[in-house]
Amino acid sequence: MKRHIAAAATTAAACLTLLLTPSAGAAGTAANPYERGPAPSQSSIEALRGPYAVSQTSVSSLAATGFGGGTIYYPTSTSDGTFGAVVISPGFTAYESSIAWLGPRLASQGFVVFTIDTLTTLDQPDSRGRQLLAALDHLTERSSVRGRIDSTRLGVMGHSMGGGGTLEAAKSRPSLQAAIPLTGWNTDKSWPEITTPTLVIGADGDTVAPVASHSEPFYQSLPSSLDKAYLELNGATHFTPNTSNTTIAKYSISWLKRFIDNDTRYEQFLCPLPRPSLTIEEYRGTCPHDS
């Protein structure tokens, strides 16, 4: 009888231990409360859609202050809490539609994404930088999804002059967690003031903003102490970011996850540095990342 009682006590203690011991997932969440979604893989960051179902809502230009309106894409589920957010600007003479593919692709990985129109299609990079920040403020303070956003975890992206605006925004607001200029254009080539982790994406065949006079000096001028990277696309043009592109998506997702969410599970895709391939002409960067 005593043996049975002892065995039962041992079994109960073991069950209690299992109940009280956090799972690996729970432990990871405790270590980093900003992690969102399952552990990543090459296939998950290359997929057209991530693990989250996505909804969207439009922001009329009449309801926007300081930018031209746009579309917000966001994870439908609220069970994981709040998400980091990213605003994306189009380039010179372009509309939101030119960068719209990034909206659902990034949002489905666990971000609130705002693809915007600018006040006019001819706005220069400094104006686009201010508009990116105005759109972030709208997103976190006035939008219908503001309750889904962690306003301390924000980033900016942009194409061409929108990429130049991305650098302007990061310079103006050091609290940003990530910046990604896509084949960026700006007359200012030097950005030593930027403290936001920045992934500069250029294209080897870009004749509008050639990497030698734009993306490369942008990258080189960033502080050596900064978490930064330079990705030069192979067989690409200035307008490659205007259509769905797996290489742009996978490294943008990894960068945003690593620095907006501080999700070190994505470090594996950035360090060691990716090697040249059919889609990558060159990749430079600081590894390992410190932020």
Side-chain angles (χ1 to χ4, degrees), residues 32 34 45 84 86-89 125-126 128-129 132-133 136 152-204 206 209-234 236 241 247-248 250-277 279-291:
N32 177 16
Y34 307 130
I45 61 171
V86 186
V87 175
I88 309 175
S89 166
D126 58 343
R128 289 171 192 267
L132 283 165
L133 297 179
L136 276 176
T152 67
R153 298 187 289 126
L154 306 175
V156 286
M157 297 177 66
H159 172 241
S160 191
M161 283 195 183
T166 296
L167 296 168
E168 300 278 2
K171 176 181 174 179
S172 298
R173 190 173 292 183
S175 61
L176 294 176
Q177 300 296 302
I180 306 178
L182 305 167
T183 59
W185 188 100
N186 200 312
T187 55
D188 186 348
K189 312 301 182 185
S190 184
W191 302 92
E193 312 92 341
I194 288 180
T195 58
T196 296
T198 301
L199 168 61
V200 178
I201 298 182
D204 63 346
D206 193 336
V211 293
S213 57
H214 288 79
S215 292
E216 287 187 292
F218 295 163
Y219 170 77
Q220 291 165 352
S221 71
L222 295 169
S224 59
S225 58
L226 183 67
D227 287 313
K228 62 178 184 174
Y230 171 72
L231 166 60
E232 185 174 320
L233 301 170
N234 184 29
T247 303
I248 290 174
K250 68 187 287 188
Y251 291 106
S252 295
I253 290 164
S254 298
W255 196 263
L256 298 173
K257 284 285 191 176
R258 177 64 183 81
F259 294 107
I260 288 183
D261 290 354
N262 195 30
D263 194 337
T264 54
R265 298 179 300 174
Y266 288 80
E267 181 83 351
Q268 62 181 303
F269 308 115
L270 304 170
C271 298
L273 299 178
R275 300 176 62 119
S277 66
T279 60
I280 297 176
E281 173 68 19
E282 181 184 1
Y283 194 105
R284 307 178 214 165
T286 54
C287 282
H289 297 117
D290 297 321
S291 297

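None of these values were measured; they are calculated from a predicted model.
One finds the CG atom of Asn262 at 8.5 Å from the CD atom of Gln177 (value rounded to the nearest 0.5 Å). Atom OG of Ser252 and atom CG of Leu182 lie 6.0 Å apart (nearest 0.5 Å). Residue Leu233 holds its CG atom at 7.5 Å from OG1 of Thr279, rounded to the nearest 0.5 Å. For the atom pair Gln220 CD and Ser215 OG, the distance stands at 10.5 Å (nearest 0.5 Å). For the atom pair NZ of Lys228 and CG of Leu222, the computed distance is 5.5 Å after rounding to the nearest 0.5 Å. Separation of atoms NE2 (His214) and OG (Ser160) is listed at 8.5 Å; rounding is to 0.5 Å.
Counting only heavy atoms from C-beta outward, the side chains of Arg258 and Thr264 approach each other to under 4.5 Å. The shortest distance between side-chain heavy atoms of Leu256 and Ile180 falls below 4.5 Å. Side chains of Cys287 and Leu273 form a contact here, defined as non-hydrogen atoms less than 4.5 Å apart. Side chains of His289 and Cys271 form a contact here, defined as non-hydrogen atoms less than 4.5 Å apart. For the pair Lys250/Phe269, no side-chain contact is recorded, criterion being any heavy-atom separation below 4.5 Å from C-beta on. A 4.5 Å side-chain heavy-atom check between Pro288 and Glu267 finds at least one atom pair inside the cut-off. Contact check for Ile201 versus Pro241: no side-chain heavy atoms found under the 4.5 Å cut-off. Contact annotation: the side chain of Pro181 approaches that of Thr198 to within less than 4.5 Å [non-hydrogen atoms, C-beta and beyond].
When all heavy atoms of Pro192 and Pro223 are compared, the pair lying nearest together is O-CG, 3.2 Å. The two residues Gly158 and Thr166 come nearest to each other via the heavy atoms N-OG1, 3.0 Å. Of all non-hydrogen atoms in Ala170 and Ala179, the two that sit nearest each other are CB-CB, 4.2 Å. Among all heavy-atom pairs drawn from Asn32 and Asp261, the shortest one is ND2-O, 3.1 Å. Of all the heavy atoms in Gly162 and Ser89, the pair that sits closest is CA-OG, 3.6 Å. Smallest separation of non-hydrogen atoms from Ile260 and Ala178: CG1-CB, 3.8 Å.
In this pair, Trp255 and Phe259 present their aromatic rings tilted. The plane angle is within the 30 to 60° band. Taking the six-membered ring for Trp and thresholds of 30 and 60 degrees, Trp191 and Phe218 have ring planes more than 60 degrees apart, a perpendicular arrangement.
Put simply, the residue from Thr196, Leu167, Ile88, Leu136 that forms a side chain to side chain contact (heavy atoms under 4.5 Å, CB included) with Val156 is Leu136. Each of Ile194, Thr195, Leu154 was scored for a side chain to side chain contact (heavy atoms under 4.5 Å, CB included) with Leu176, with one residue passing: Leu154.
Legend: salt bridge (Lys or Arg N to Asp or Glu O under 4.0 Å) pairs involving residues 282-291, not counting sequence neighbours, sorted by first then second residue: Glu216-Arg284, Glu282-Arg284. Within the structure, the ring pair (Phe, Tyr, Trp, His ring centres under 6.0 Å) test picks out the following pairs touching residues 155-184 (sequence neighbours left out): His159-His238.
Every residue meeting the ring pair (Phe, Tyr, Trp, His ring centres under 6.0 Å) condition with Tyr251, not counting sequence neighbours, appears here in chain and number order: Tyr283.
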